There are 2 protein chains.
Amino acid sequence: MKLSQGVEWALHCVTLLAQGDPGTVASRHTLAGWYGLPEAYLAKHLKSLVRAGVLHAGSGPRGGFRLARPPEEITALEVVESIDGPSSAFVCTEIRQNGACAAPPEECVRRCAIDRLMQEADAAWRERLRRTPVSELAAGLPAPLRGRAREWLAR
Amino acid sequence: MKLSQGVEWALHCVTLLAQGDPGTVASRHTLAGWYGLPEAYLAKHLKSLVRAGVLHAGSGPRGGFRLARPPEEITALEVVESIDGPSSAFVCTEIRQNGACAAPPEECVRRCAIDRLMQEADAAWRERLRRTPVSELAAGLPAPLRGRAREWLAR
DNA sequence: GGTGACTTACTCGGATACGGCGTGTCCGAGTACTGCAGG
DNA sequence: CCTGCAGTACTCGGACACGCCGTATCCGAGTAAGTCACC
């Protein structure tokens, strides 16, 4: 199990936007330049964030990306799921019903114990991410860095 | 992020072995037949479990796999990490130190806030799996199924 | 009948191909600014 | 000077290749049981 590279980029970009004044807009060129990322590829992930409703995109000059909602209302989980998808990392294929075992349906009314455990673990993971809004991530950065970020966003 | 198929197979196989008497041995043929899994491919994952010290393998007739320790001492986390690897799903590439940002090292003495969050989430996930020994998974199965499993293992 | 070695069949282990998804990139559609000509 | 328009440059969005890891499989090395000949 490995999270996509894009998850890290997305979290950083959203955190950066959360440091600016409300409504701050940054183009993908600006965002990529700040972190030294390949602009074309970063665009792909930003697109996903737009589709998921985390960011709002505007075209033309003065266009770019801005947070779709106040940073206090955007959770880290939303950002992660925008890139990685909302489905659980574990998918039970019900192998207990196959092969020589062939557990009959009446023994399978309750979900597989292994599936239950894995879903609980997945829920714990997501819950931790849900508890943290991006505003908190932004607040956790060093003060001088925040100042430079705001300056950069203002161009 | 998606867990390997082998994780599910490994958990089921270890759980099955945990239902037998202590020291119960089952060949990969037996295990694959029980769940209707491709024997050759399952073997690859069982091998990983041996390398990780979860299972013990014996060669020749009457050979096969058995639990390396009592099922109460084997956690679900161990099984998962045997297949999936022990490293966290999130790896921080320190992009904050790249690009126009170029946060100087003195601002990076503390770990990246995003990395901290992701590692905490990962720890929560692993902790949930660590809390459950495979004996508990075995105990959670329906009684008739457990009986048939023991019968199957005894051949 | 007991014992020894041999045969045999069964087991695991490493090395080897294939395919799907993440990675990486490009060009086209749309928009707001800017400059200019006309009134 | 004000107004309208056309040009332009900048933005995002979707469609298109490449590479790596999970998927899937095979054959060879090793071992213990079973068998048979011999004592």
Side-chain angles (χ1 to χ4, degrees), chain A residues 1-10 13 17 24-33 35-68 80-85 87 89-91 93 95 153 155, chain B residues 1-10 13 17 24-33 35-68 80-85 87 89-91 93 95 153 155:
Chain A
M1 182 180 55
K2 189 175 170 301
L3 276 170
S4 162
Q5 173 101 320
V7 169
E8 181 183 12
W9 298 1
C13 287
L17 283 172
T24 298
V25 176
S27 72
R28 67 194 190 188
H29 180 75
T30 305
L31 291 168
Y35 293 114
L37 302 176
E39 183 180 334
Y41 187 27
L42 176 64
K44 190 188 185 86
H45 296 307
L46 292 172
K47 205 170 24 175
S48 299
L49 289 168
V50 172
R51 265 199 229 103
V54 171
L55 297 184
H56 180 84
S59 293
R62 299 281 182 274
F65 299 93
R66 63 175 172 80
L67 297 182
V80 172
E81 290 190 337
S82 300
I83 306 299
D84 196 56
S87 56
F90 183 87
V91 284
T93 59
I95 63 175
L153 288 171
R155 302 183 215 185
Chain B
M1 182 178 58
K2 188 176 170 303
L3 276 169
S4 161
Q5 172 102 322
V7 170
E8 180 183 12
W9 297 2
C13 287
L17 283 172
T24 297
V25 176
S27 72
R28 68 195 191 187
H29 181 75
T30 304
L31 292 168
Y35 292 115
L37 302 176
E39 182 179 335
Y41 186 27
L42 176 64
K44 188 187 186 91
H45 297 306
L46 292 172
K47 207 171 20 177
S48 300
L49 289 169
V50 171
R51 267 200 227 103
V54 171
L55 296 184
H56 178 84
S59 292
R62 299 280 182 275
F65 299 94
R66 65 174 170 81
L67 297 182
V80 171
E81 289 189 338
S82 301
I83 306 298
D84 198 56
S87 56
F90 183 86
V91 284
T93 58
I95 63 174
L153 289 171
R155 302 184 212 180

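To find a chain, count down the sequence lines: A is the first, B the second, and so on, and within it residues start at 1. What you are looking at is a predicted structure, and each value in this text was computed from that prediction instead of being measured.
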Which part of the nucleic acid, if any, lies within contact of B/A57, taking any heavy atom under 4.0 Å across all strands shown: a base, the sugar-phosphate backbone alone, or nothing?
-> sugar-phosphate

Most 5' of B/L3 and A/R51 on DNA chain D, judged by nearest nucleotide = A/R51

Report yes if some heavy atom in the side chain of A/W9 is under 4.5 Å from a heavy atom in the side chain of A/S4; otherwise report no.
-> no

To the nearest angstrom, the NE2-C1' distance between A/H45 and C/dT23 comes to 8 Å

Distance in angstrom units between A/F65 CZ and D/dC10 C1', rounded | 13 Å

Starting from P on D/dT23, measure out to CG on B/L46 and report it in whole angstrom.
-> 14 Å

Grab the NZ-P distance between A/K47 and C/dG28 for me, whole Å please.
-> 16 Å

Heavy-atom check, side chain of B/R28 versus side chain of B/F65, under 4.5 Å | yes

Considering only distance and modelled atom types, tabulate donor-acceptor pairs under 3.5 Å from the side chains of residues 42-49 of chain B, sequence neighbours left out.
{"residue": "B/H45", "atom": "NE2", "partner": "B/Y41", "partner atom": "OH", "Å": "3.4"}
{"residue": "B/S48", "atom": "OG", "partner": "B/K44", "partner atom": "O", "Å": "3.4"}

Could you check how far NZ of B/K44 sits from C1' of D/dC27, rounded to whole Å?
-> 15 Å

Is the phosphate of C/dT11, meaning OP1 or OP2, less than 4.0 Å from a side-chain N or O of B/S27?
-> yes

Nearest whole angstrom, please: distance from the P of C/dT11 to the NE2 of B/H29.
-> 7 Å

Rounded off to whole Å, could you give me the CD-to-P distance for the B/E8 and D/dG22 pair?
-> 17 Å

Mind checking side-chain contact (heavy atoms from CB on, under 4.5 Å) for B/T93 and listing every partner two or more places apart, or none if nothing turns up?
-> A/Q5, A/E8, B/I95

Return no unless some side-chain N or O of B/R62 is found under 4.0 Å from OP1 or OP2 of C/dC10.
-> no

Within this structure, what is the CD-to-C1' distance between B/E39 and D/dC27, rounded to whole angstrom?
-> 14 Å

Most 5' of A/R28 and A/S59 on DNA chain C, judged by nearest nucleotide | A/R28

Smallest heavy-atom separation, B/G63 atom then B/V25 atom, equals O-CG1, 3.4 Å

Distance test, side-chain N/O of B/Y41 to OP1/OP2 of D/dT25, below 4.0 Å | no

Shortest side-chain distance from B/S4, nucleotide among C/dT23, D/dG22, C/dG24 | D/dG22

